[in-house]
Amino acid sequence: MSETTPGAAAPSSNFIRQIIEEDVRTGKWRGRIATRFPPEPNGYLHLGHAKSICLNFGLARDYGGECHLRFDDTNPVKEEQEYVDSIIDAVRWLGFDWGDHLHFASDYFERFYGFAEHLIRRGKAYVDSLGAEEIRAYRGTLTEVGRDSPYRARGADESLDLFRRMRAGEFPDGAHVLRARIDMASPNLNLRDPVLYRIRRATHHRTGDAWCIYPMYDYAHCVSDAIERITHSICTLEFEDHRPLYDWVLDELADVLPWHSRQVEFARLNLTYTVLSKRKLIELVGSGAVEGWDDPRLPTLAGVRRRGFTPEAIRMFAERIGVAKADSWIEMGVLEDCLREDLNERAPRRIAVLDPLRLTIDNYPEGAVESCEAPNHPQHPERGTRPLPFSRELWIEREDFAETPPRGFFRLAPDAEVRLRYAYVVRCTGVEKDAAGRITTVHCRYDPDTRSGTPGAASRKVKGNIHWLSTAHAQSSELRLYDRLFRVPEAGAADSREALNPDSKRILTAFTEPALSQALPEERFQFERHGYFIADRSDGAPGRPVFNRAVSLRDSWSGRRG
RNA sequence: UGGGGAGUCGCCAAGCUGGUCCAAGGCACCGGAUUUUGAUUCCGGCAUUCGUAGGUUCGAAUCCUACCUCCCCAGCCA
């Protein structure tokens, strides 16, 4: 069905699993378990959808059922094939497989229509000729009951005739609608004779101009579920008070469509420092606040993929946050931590110097170069090493040197000792500054007996351990450092360009070790002491990759300082 | 103010057919050990309390009552 998620805890109990387990126990569906992920192809998928995808496909996987990918394409004016393609791509990327269950609500249009005639014949639906404004006025309010439309008494024959002519294209958009005949006085607004069909002369991305009437969600969704014999139709909380309508439709159609899926609602995902609504995402992209739907700062699946997230990390995340009915906000740290956990294990280590400072080893022979062996993974020696050229002139990280070290600093400082990772222990002997007083070069002397991998190295313990790159061998690469999109945790509550984090993207030119020039698009690495980076799949060229920082490493030092 | 939902540690979330809960687990946080990433790993700590107030009971987060707070619903969107 789909891949399991390594590193993820066994799925914890939740109310939906309980429902399913109870159903399995009582044989309610005669052993069948079928769920579905039903996106409307009118936008890009984001992490909120990922929660739903993992839930639906995960349930099918765990209970030996099937999960359908079904496009809810009932509104041609908003939907496009481009979105269908991107959604299919995203669900696949996440690691799920729907087998031969790729469906489209539009494939059921003819059956939807037939069932609608059935409702009309049985007096359960009628053609209303009120305008949109009037229908709203007649609907009443939250506290006042609605009034019957003057057309509500229309007979089955007349409605049937009108409905057929609606289909035939005899009327302009908006002239008539098909409505369910339920109860205009219901305290649940969804039951006040909801619209089932509207006239919409628009070209549908799949059915073209075959239809000029299109079904509404409340009618199409439950019928699609029944057609596909879905057992558990899982959706978000805002559909909770649509459930009586969902059940009404299937009850009224029972003799011609004898299947009644159970709708179950769960709380949608909220993530701090970002926004998970199609509308807000469109705003961000449209206003140019970000650089497109796959901008690495966006919570779209295309965005997090480009950012460097793995499908495994996202599945782990979905598992960790659980499923319940309480509105909640998940801290961005939970997502980030899932990525760290996944990549810590898998990503090969590499060296990059982001903010270079020259280090000269005065007692190292000029022109000499030796090769140091750097392990690809500290916990997995079997993954081998790669050579790192060492010489007299090196780049180190500017923040790894302090002229007046703060308390607890154990990197390089005047007269202090530090290990150059995978190479030698050096002692700082002085600095050079420019006219402005900025340090331009740090001088030091190395101890030839402390080379990594030799007996001398083991006998010499130094607390500090910094990374470096030989100036003659380092390449320069473009790095993008991404940070949270908003500076406030519950962004989107207030809508706000000003809540945007101005430093959500920083581009810099860094020095990277030689091996990195071979990085393939989407290859991920840990840049030691910095974080996890991915070679961008769109930008960069062969031999000159561009790297995106997916997430930094945990850093208990910078936190302590400030 | 009508209807539908939800309230358990900073953030999630088990538990909710009452006792084995003086409440799992994860993230965060705080120690401490190991460490050639101040990373990882490891070990320890972290709710006498379950929105509030009453009640039932030998016994309640779990049952009852009232109240409080928050979310959703008046598209010919999904």
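Letters go in sequence order (proteins before strands), and every chain restarts at 1.
Applying the side-chain hydrogen bond (donor to acceptor under 3.5 Å, both in side chains) test to Tyr219(A) and every residue at least two apart in sequence or in another chain returns nothing. Among residues two or more places apart in sequence or in another chain, the side-chain hydrogen bond (donor to acceptor under 3.5 Å, both in side chains) test is passed with Arg350(A) by Asn376(A). Remark: Asp23(A) engages Trp29(A), His232(A) in a side-chain hydrogen bond (donor to acceptor under 3.5 Å, both in side chains) (not counting sequence neighbours). Partners of Lys463(A) under the side-chain hydrogen bond (donor to acceptor under 3.5 Å, both in side chains) rule, at least two apart in sequence or in another chain, do not exist in this structure. In this view, Glu336(A) and Arg484(A) satisfy the salt bridge (Lys or Arg N to Asp or Glu O under 4.0 Å) rule, not counting sequence neighbours. In this structure, the salt bridge (Lys or Arg N to Asp or Glu O under 4.0 Å) partners of Arg25(A), at least two apart in sequence or on a different chain, are Glu22(A). Among residues two or more places apart in sequence or in another chain, the salt bridge (Lys or Arg N to Asp or Glu O under 4.0 Å) test is passed with Glu79(A) by none. Every salt bridge (Lys or Arg N to Asp or Glu O under 4.0 Å) that Glu170(A) has, sequence neighbours left out, goes to Arg165(A).
Nearest nucleotide to the side chain of Ile135(A), out of A39(B), C76(B), U36(B): C76(B). Taking every side-chain heavy atom of Met216(A) into account, G75(B) is the closest of G38(B), U37(B), G75(B).
Near RNA chain B, meaning a heavy atom under 4.0 Å away, the residues from residues 452-465 of chain A are Ser452(A), Gly453(A), Ala457(A), Lys461(A), Asn465(A).
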(message) How would you summarise protein contacts on nucleotides 11-19 of chain B per nucleotide, using B for base, S for sugar-phosphate only and - for none, with heavy-atom distances below 4.0 Å?
(response) SSSSS----

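Between the C1' atom of A74(B) and the CZ atom of Arg179(A) lies a distance of 12 Å, rounded to the nearest Å.
Checking the phosphate oxygens (OP1, OP2) of C77(B), no side-chain nitrogen or oxygen of Thr74(A) falls inside 4.0 Å. Residue Arg192(A) has no polar side-chain atom (N or O) positioned under 4.0 Å from OP1 or OP2 of G2(B). Within the structure, a side-chain polar atom (N or O) of Arg139(A) is placed less than 4.0 Å from OP1 or OP2 of C76(B). When the side-chain nitrogen and oxygen atoms of Arg200(A) are compared with OP1 and OP2 of C77(B), one or more of them lie within a distance under 4.0 Å. Taking only side-chain nitrogens and oxygens, Ser186(A) never comes nearer than 4.0 Å to OP1 or OP2 of G3(B).
For RNA chain B, each stem of at least three Watson-Crick or G-U pairs (distances under 3.5 Å) is given as range with range: B:2-7 with B:68-73, B:10-12 with B:25-27, B:29-33 with B:41-45, B:51-55 with B:63-67.
Put simply, Trp557(A) rests on the base of G38(B): the two rings are less than 5.5 Å apart at their centres and nearly parallel, under 30°.
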Atom pairs under 3.5 Å, N or O on each side, protein against nucleotides 41-47 of chain B: can you list them with distances?
none

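For a distance-only test at 3.5 Å, the side chain of Asp555(A) fails to qualify as a donor-acceptor partner of the base of G38(B).
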